[in-house]
Participant: 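Here it is, the structure, as structure tokens.
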Amino acid sequence: MENNMNDAVNITINNLSLAFGKTEVLKGVNLEIEPGELFSFLGPSGSGKSTLLRAIAGFGPRPQGSIFIGKEEVSQKPPWKRNVGMVFQSYALWPHMTVRKNVAFGLEEHHVSAGKIHERVDEVLEMVDLLSLADRRPSQLSGGQQQRVALARTIVVKPRVLLLDEPLSNLDANLRVQMRRDILELQRKLQITTIFVTHDQEEANTISDRIAVLNHGIIQQVGSPLKLYDEPSNRFVANFLGSVNLIDGTVQHENNGYLFKVPDGTSFPLGNNEIKQGDCTAMFRPQNLQIIRGKDESTGANIQLSGRVEHREFLGSRIRYSVIVGEQILLVDDTHEANCTTIEVGETVSLQLESDLVRILHN
Amino acid sequence: MRSLSRHQIGPASVALLLGAFLFVFLIIPVAKVIFVAFQDPNTGALTLINFSDFFLTSLFQESFVNSLYVAVMSVVFASVIALPLAYFTTRFNFSGTLLIQTLGVIPLIMPPFVGAVAMLLLFGENGSINLLFDEWFGFTIPFMEGLNGVIMVESIHYFPFILINLSAALNNIDRSMEESAQNLGANGIRLFRRIVFPLAMPGYVAGASLVFLKVFDDLGTPLLLNVNKMLAPQAYLRITSIGISDPMGYVISVILVVFSLLSLWTSFLALRGKDYSTVQKGGGGLMKRDLNPLEKAGCYAVVILILLMVLSPHFGLAILSFGTVWSYSVLPDAYTFQHYLQMFSSSTQLISNTLLYAGLAATIDVVLGTVIAYLVWRTNLFGRKWLDFVAMGAVAIPGVVLGIGYLRTFHEFNVPIIDKPLASWWVIIVVALAIRRLPYALRACVAAMQQISIALEEAAENLGANKRRTVFRIVVPLMSGGIVAGFITSFATASVELSATLMLVSTESDAPLAYGIYEFMQSASGRGPGAALGIVAVVIVGAATYASHRFIKSKNVEFTTEVTVATGE
């Protein structure tokens with residue numbers, strides 16, 4: 001049962017569907033998770049991400065399709081025969097047992113000898129820095145400590161894979177940042193294939209090797225955090241991973257180049273690379289735009305737009321302007337430094353954008 | 001001395017009045033009973049001689065052992081009935097869940113002593129069931145013989161206490177508790193033994209100790225079944241046959257109180273620090289699974305068997321009330337309305353007395369309950385917790401003990417104008433009922449009060465209403481759901497209370513319904529009208545319980561189970 005690099009297993013999910021009664025929650029999910037990877041399921045509530053995780057652990061209605069852990073197909077096996085470790089969102093620590101008893105439970109169920117159990121429990125409690133609290137009851141621990149007990153209880157049995165169901169959602173903001181680092185460190189140390197479920201894109205971005213974005217029971221896109229942010233494959237992914245400007249329009253070929261036209265009359269060039277023509281959505285991030293006071297000012301970027309500041313929000317490191325351009329409202333982020341002058345609501349401004357930062361999404 | 005600020009004078013004087021009431025009608029009588037138990041009957045000196053007399057008398061030894069035995073066995077049988085029902089409803093997607101929930105209420109709308117005689121006719125040595133057994137199989141089962149009868153009647157009546165508490169405990173176990181155990185390799189019996197059972201234990205113990213307390217204190221059931229060698233009947237018989245100066249009644253009272261306190265303490269210990277309610281958002285309740293047809297049939301068989309048993313006192317009582325002669329036969333010889341006619345012509349006084357007493361007692365209870373709830377939760381008056389504590393303390397005082405205490409304390413106190421001892425004035429019955437039912441009404445009022453956000457009151461004060469106006473315009477209207485539910489519960493249970501009433505009724509014309517049923521059931525010829533009167537009691541309690549449930553539902557009042565299941569004995 002020892003874990004090392006060679007033991008890390010892959011998880012393969014083929015055409016997995018699952019329904020609660022008549023409500024389809026997962027619709028033909030296909031996924032390949034690499035050995036030793038920290039993989040996140042990201043999506044809004046009701047997207048099916050927790051259901052997918054629970055299906056891997058063997059909970060919930062029986063799914064159709066197959067789930068391979070390593071070479072073993074587990075979808076028809078009961079939860080207690082899968083040896084996949086799961087940390088529950090509520091931690092699910094048993095209130096009638098001490099920390100030590102909670103952690104020892106899985107080893108007892110696996111018929112490990114008493115002496116060995118004591119040794120292993122000490123070892124893992126040491127690892128999560130809770131050895132001194134071993135004889136407390138869960139109700140006597142803080143949220144962060146409970147979280148670490150839940151982790152310890154799961155990894156002590158050396159499961160083949162580790163499943164974390166929104167493990168940080170019950171912690172306060174500072175602790176959350178600390179815990180996600182700890183989890184990442186622990187995962188690297190154990191080199192165990194891990195799936196992390198979250199609805200928080202920042203959490204997913206900071207911790208994951210790769211992310212699957214889910215919505216309505218369908219995987220929207222799989223990729224590294226950077227790839228999902230820079231190259232989203234659809235509006236949903238673009239929107240879910242941060243603030244974005246999305247403009248519906250059409251691409252037309254004119255004068256050796258491509259032009260993006262918005263129904264309100266605004267248009268801008270997209271460069272000369274081959275683009276499929278027709279209805280589509282132009283996407284760019286608020287920080288891709290540069291804002292300059294005054295009309296028709298230019299920094300030499302190849303897209304020039306002008307508009308009027310409608311709204312302004314101070315966000316600390318940056319200022320976010322909402323600028324009306326034609327009939328669109330565009331979000332523009334400007335880096336904030338002390339002493340720099342800010343643009344007032346109502347002022348006319350020029351917006352600058354490099355065309356290679358614009359991504360065209362065909363829906 | 002703590003000085004009272006000006007706006008505390010009002011609440012403080014109300015609290016003093018309340019405290020005086022509880023002092024005179026709860027603390028003094030109980031203290032008197034305890035004091036007399038330790039007093040030499042001849043010299044008046046403090047002594048333990050009464051207790052050594054008690055334990056050296058074989059009759060009392062036997063009564064003590066019998067009471068313990070009956071209480072323990074009733075807990076055992078009540079558990080045997082409640083465990084499968086609780087398990088079915090919480091564990092399976094079982095279509096009979098509604099049936100089971102109904103099962104949990106039916107016994108409570110009939111005080112056990114009312115059904116006792118009917119049970120004798122159904123399950124007794126020459127009762128219907130045993131006549132059939134003898135005819136078909138050639139043997140009989142002594143269901144109702146001696147202590148067995150008490151155990152059978154009590155466990156059928158009180159199992160809902162275990163059912164309700166245990167079901168609540170099981171429903172409070174979040175499914176992730178089980179799932180995490182499965183995830184770590186546990187299933188089946190091991191999972192149940194290591195996770196589900198220990199988590200449900202506090203709820204079970206709380207229910208079981210309540211059953212123990214109720215059975216140990218019960219007077220009516222053993223008396224009606226003519227089982228006199230138990231503690232409560234002995235106390236009653238000593239006081240009524242030998243007189244209020246006989247110390248044995250007081251010794252027994254002290255023992256009853258001690259055991260009541262012990263069982264409440266057990267329940268407290270079981271629940272203390274064990275807030276095992278682990279339900280998370282979106283979760284809730286044990287994992288349920290579907291039943292296959294065979295299992296379903298099995299579950300229904302068990303539920304229907306229990307249903308028949310639980311309904312047997314009701315059926316028996318109904319048959320008895322309509323039957324002519326029912327003796328040494330499976331069913332009565334013929335049926336008639338005669339008993340009802342006889343009952344209505346002779347017993348209207350009983351019914352009107354009952355409505356008067358129970359109505360007054362319930363009114364006193366909700367007024368006291370509301371005031372105490374307000375004082376405890378909304379003022380910082382010195383000693384307010386004690387008011388709550390003393391009022392709740394009435395739970396631990398058996399009706400017999402309160403009755404003896406009142407007789408002893410108030411028999412020499414003449415009420416002016418009517419020139420009669422307070423102990424034999426009908427008002428004392430009302431006071432006894434009010435004190436007995438106060439804890440339940442108080443919990444209902446507290447529950448209702450805790451639901452009112454303080455901000456609602458602050459908003460009224462912010463707009464210029466003073467404390468008094470805020471109470472009357474904001475607090476009381478918002479509490480009305482809980483207050484009405486508390487009233488109905490108190491009313492329903494007070495109207496069938498027997499143990500304290502039995503001791504305090506001094507003339508027939510003052511007697512309420514429960515007393516009348518008891519009197520009728522003493523003679524074979526009175527059984528028919530007695531049963532008819534019992535049916536009236538069931539109808540009153542049933543209608544009130546139904547009204548209270550409907551009201552709670554419509555007002556969406558959160559309610560503690562102890563309130564909805566507090567029923568007479």
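The figures here come from the full heavy-atom set of this structure, side chains too, leaving out hydrogens, waters and symmetry mates. Protein chains get the first letters and strands the later ones, always in sequence-line order, with residue 1 at the start of each.
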Participant: Other residues, nucleotides and ligands only: do more than 12 of their heavy atoms fall within 6.0 Å of CZ on B/F77?
Facilitator: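 Counting other residues, nucleotides and ligands, CZ of B/F77 stays at 12 neighbours or fewer.
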Participant: Does B/N187 use its side chain to pair, donor to acceptor, with the backbone of A/W80 at less than 3.5 Å?
Facilitator: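 Side chain of B/N187 to backbone of A/W80, a donor-acceptor pair under 3.5 Å: no, none is there.
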Participant: To the nearest 0.5 angstrom, please state how far the OG atom of B/S180 sits from the OH atom of A/Y91.
Facilitator: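 The OH atom of A/Y91 is 14.0 Å from OG of B/S180, to the nearest 0.5 Å.
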Participant: Please check this pair: side chain of B/N183 against backbone of A/P79, looking for a donor-acceptor N/O pair closer than 3.5 Å.
Facilitator: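 Not confirmed, B/N183 side chain does not pair with A/P79 backbone.
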Participant: Just wondering, more than 12 heavy atoms not from A/E73 lying within 6.0 Å of its CD?
Facilitator: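 Yes.
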Participant: Keeping the roles fixed (side chain from A/H96, backbone from B/M201), state whether a donor-acceptor pair exists under 3.5 Å.
Facilitator: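 Here the side-chain-to-backbone pair does not exist.
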Participant: What residues of residues 49-61 of chain A sit under 4.5 Å from chain B when you count only heavy atoms?
Facilitator: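 The stretch touches chain B at A/R54, A/A57, A/F59.
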Participant: Can you confirm whether A/Q64 is buried at CD, in the sense that more than 12 heavy atoms of other residues, nucleotides or ligands lie under 6.0 Å from that atom?
Facilitator: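 Open.
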Participant: Could you state the interatomic distance from CZ (B/R175) to OG (A/S90), rounded to the nearest 0.5 Å?
Facilitator: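 These two atoms lie 12.0 Å from each other.
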Participant: Can you tell me how far apart CZ (A/R153) and CG (B/L184) are? Round to the nearest 0.5 Å.
Facilitator: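 Answer for the CZ-CG pair, A/R153 versus B/L184, is 6.0 Å.
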Participant: Is there a side-chain contact between A/E108 and B/R194, using heavy atoms and a 4.5 Å cut-off?
Facilitator: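 A side-chain contact exists here, since the closest heavy-atom pair is under 4.5 Å.
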Participant: Is the closest side-chain heavy-atom distance between B/M177 and A/P95 below 4.5 Å?
Facilitator: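 A side-chain contact under 4.5 Å exists here.
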Participant: Let me know if A/F88 has heavy atoms under 4.5 Å from chain B in its side chain, its backbone, both or neither.
Facilitator: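 The side chain, not the backbone.
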